[in-house]
Colleague: 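Got a structure for you, written out below as structure tokens; questions coming shortly.
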Amino acid sequence: MSLTLTFHGAAECVTGSCMRLDTDHGRFLVDCGMFQGPKTLKTLNYEAFPFDPASIDGVFLTHAHIDHSGLLPKLVRAGYRGPIYATRATRDLCEVMLADSAEIQEGEVEHLNRRKLRRGEKPVEPIYSTVDVDPALRLFQTVKFGERFAAGPGMEATWWPAGHLLGAASIELAIAAGGETVRLLFSGDLGSGRQPFLPAPDGPRDVDHVILESTYGDRDREDLDLEGRRAGLAEELRAAQAAGGPLLMPTFAVGRAQELILDLLAVMDADPALAGEIYLDSPLAIEATDVFLRRGWNPDAGSNPFETLRHATRLHHLQRPQESDGLERIRGWHVILAGSGMCDAGRIRRHLKRLLWRRETTVLITGFQAAGTLGRLLLEGRPILRIQGEDIRVGARIRTLDAYSGHADATDLVNWLKARGQVGGSVLLDHGEPVALEALRARLADGGWRTAVPAMDDAFVLTKTSAERLVGGLPRLAPGQAARLDWHNDRADFLVRLNEVLQAQPDDGARTALLQRLGRLL
């Protein structure tokens with residue numbers, strides 16, 4: 001018998017984390033996440049799983065972010081009935097995040113189907129709905145960090161702090177296969193160890209294979225402590241206030257929103273000239289804050305830093321859509337935090353539609369933006385973007401502050417791996433875009449590690465010392481396809497750049513007529 005590991009997501013991309021283990025005694029998943037970014041990836045969410053959900057015996061969940069947990073309700077609806085192992089904090093966050101995900105999908109599909117019906121196209125169904133969330137939540141079984149337990153015949157599991165998010169874990173599995181025990185370590189998403197409210201990433205030593213995330217595998221970030229981070233935020237607030245309009249912050253609702261609000265309040269208290277009203281326009285972030293109030297304590301200080309959020313008078317929670325729409329009447333200096341963090345869903349898109357064209361607006365991005373997402377296109381400097389079927393010109397100031405990322409950078413990843421001691425087999429790199437994967441692979445190869453970079457649906461036969469890639473059927477996506485941009489944003493960018501080229505040419509009748517036609521297209 002053999003042990004096989006198959007990568008059904010987060011392969012050559014940073015979303016859709018899902019790995020399948022076929023062992024002598026059963027089949028298991030590590031994560032079951034939703035794909036985000038370009039339509040090429042998001043379409044996979046609507047397709048059938050590349051395995052029979054009813055044949056899976058257990059799910060091991062690293063953390064609650066939707067790109068790791070978001071397809072669990074679909075999995076259960078499709079026939080899965082086994083346990084979902086996760087930390088208590090991860091389970092509590094999934095309760096609010098999966099419900100929010102279902103509501104977003106229902107709303108998005110309703111909006112999409114109106115457009116489809118106008119075009120004479122067939123409507124589509126949501127990936128799952130709100131009624132599918134509770135059956136998934138009932139399957140959760142909570143685990144504690146550092147406690148080894150029997151996860152099934154011939155398998156023991158241990159959760160280790162990953163320092164990425166409240167409850168986030170790296171997962172160690174010891175699996176009996178072919179007369180030997182193979183020890184695997186799935187890093188999950190790793191933090192830098194410098195987040196003030198999270199433990200430093202940890203893990204066991206001397207495992208046989210490591211499955212290592214590579215989100216920032218091609219770069220190092222400035223090493224800022226809490227004081228330096230808040231100084232950078234204060235500088236951005238000062239410039240945004242001087243621009244005369246609102247500061248719009250696309251925000252990941254769980255973890256990032258809570259940290260940002262704490263820092264915004266601290267900066268405004270330290271410099272009253274920067275004080276303004278803060279609008280948290282994310283029902284998910286508001287509900288997640290309750291989880292942080294219950295479980296986000298600082299063990300070293302013996303206190304919960306998020307208690308500050310209970311009594312902040314300048315912080316306004318906007319639950320209802322009507323409250324969100326009411327922000328349109330506000331002018332001048334104020335701050336809006338809205339999800340999603342990559343601008344791909346949620347209320348942030350409506351704010352971008354109404355504010356992105358205004359020169360007094362500032363958009364501040366504080367987290368990783370996957371290839372093909374609206375947030376990534378903003379950072380790339382696209383002059384026009386297509387949002388919910390409309391082309392919107394970008395007049396706002398687009399800024400980025402990388403000090404808030406919840407991911408380890410390249411040096412952090414290497415240092416975490418070094419701390420694991422001898423890796424007897426291979427380091428398999430996932431959860432990264434092609435450039436980041438190749439950069440980290442080269443860096444690890446120089447350090448003496450044996451590495452491999454799986455593509456979508458690649459499978460590896462694992463022994464204690466080897467990871468042999470299987471030659472199988474056709475993958476759902478060709479290599480490199482996961483990072484391909486959506487056609488409509490390429491179209492908008494092409495038309496704008498063509499217009500700029502034509503404007504620079506000498507004027508004649510033909511050019512004028514062509515520009516008039518182009519103007520109608522734009």
Colleague: How far apart are the C-alpha atoms of V109 and Y46, what are their side-chain angles, what is the distance that settles it, and do they pass the side chain to side chain contact (heavy atoms under 4.5 Å, CB included) test?
Modeller: CA-CA 12 Å; V109 166; Y46 292 88; 3.9 Å; yes
Colleague: For Q319, I'd like to know if atom CD has over 12 heavy atoms of other residues, nucleotides or ligands within 6.0 Å.
Modeller: yes
Colleague: Give me each pair satisfying salt bridge (charged side-chain N to carboxylate O under 4.0 Å, His left out) with a member in residues 169-194, each pair once, sequence neighbours excluded.
Modeller: R148-E172, E172-R183, R194-D223, R194-D412
Colleague: Test L93 against L165 for side chain to side chain contact (heavy atoms under 4.5 Å, CB included), laying out the working first.
Modeller: CA-CA 10 Å; L93 289 173; L165 174 73; 4.3 Å; yes
Colleague: Run the side-chain hydrogen bond (donor to acceptor under 3.5 Å, both in side chains) test on D22 and T4 for me, step by step, so that the C-alpha distance in whole Å, both residues' side-chain angles and the decisive distance to 0.1 Å come before the verdict.
Modeller: CA-CA 5 Å; D22 291 270; T4 304; 5.6 Å; no
Colleague: How far apart are the C-alpha atoms of S426 and R450, what are their side-chain angles, what is the distance that settles it, and do they pass the side-chain hydrogen bond (donor to acceptor under 3.5 Å, both in side chains) test?
Modeller: CA-CA 5 Å; S426 295; R450 285 182 287 176; 4.8 Å; no
Colleague: Could you please spell out the steps behind the side chain to side chain contact (heavy atoms under 4.5 Å, CB included) verdict for I84 and Y80?
Modeller: CA-CA 10 Å; I84 300 171; Y80 176 69; 4.0 Å; yes
Colleague: Below 6.0 angstrom between ring centroids: does that apply to Y85 and F149?
Modeller: yes
Colleague: Would you compute the distance between atom CG of L212 and atom CZ of R441 and round it to the nearest 0.5 angstrom?
Modeller: 14.0 Å
Colleague: Heavy atoms only: give me the nearest A408-G191 pair and the separation to one decimal.
Modeller: CB-O, 3.4 Å
Colleague: Classify the ring geometry of H63 against H164: parallel below 30°, tilted from 30° to 60°, perpendicular beyond 60°.
Modeller: perpendicular
Colleague: Nearest 0.5 Å please: distance from the NE2 atom of H317 over to the CD1 atom of I286.
Modeller: 5.5 Å
Colleague: Just to verify, which of V76, L98, L72, V96 counts as forming a side-chain contact (heavy atoms from CB on, under 4.5 Å) with V133?
Modeller: L98
Colleague: Over all heavy atoms of both residues, which pair between I365 and L378 is shortest? Give the atoms and the distance, please.
Modeller: CD1-CB, 4.3 Å
Colleague: Kindly determine whether E47 and K74 satisfy salt bridge (charged side-chain N to carboxylate O under 4.0 Å, His left out), including the steps that lead there.
Modeller: CA-CA 11 Å; E47 297 179 358; K74 177 183 175 180; over 6 Å; no
Colleague: Look at the aromatic rings of F252 and H65 and report parallel, tilted or perpendicular, splitting at 30° and 60°.
Modeller: tilted
Colleague: What's the shortest heavy-atom distance between S192 and R221, and which atoms?
Modeller: CB-NH2, 4.2 Å
Colleague: Is I66 close to D100 at the side-chain level, that is, under 4.5 Å between some pair of heavy atoms?
Modeller: no
Colleague: Could you check whether the rings of F60 and F28 sit parallel, tilted or perpendicular, using 30° and 60° as the cut-offs?
Modeller: parallel
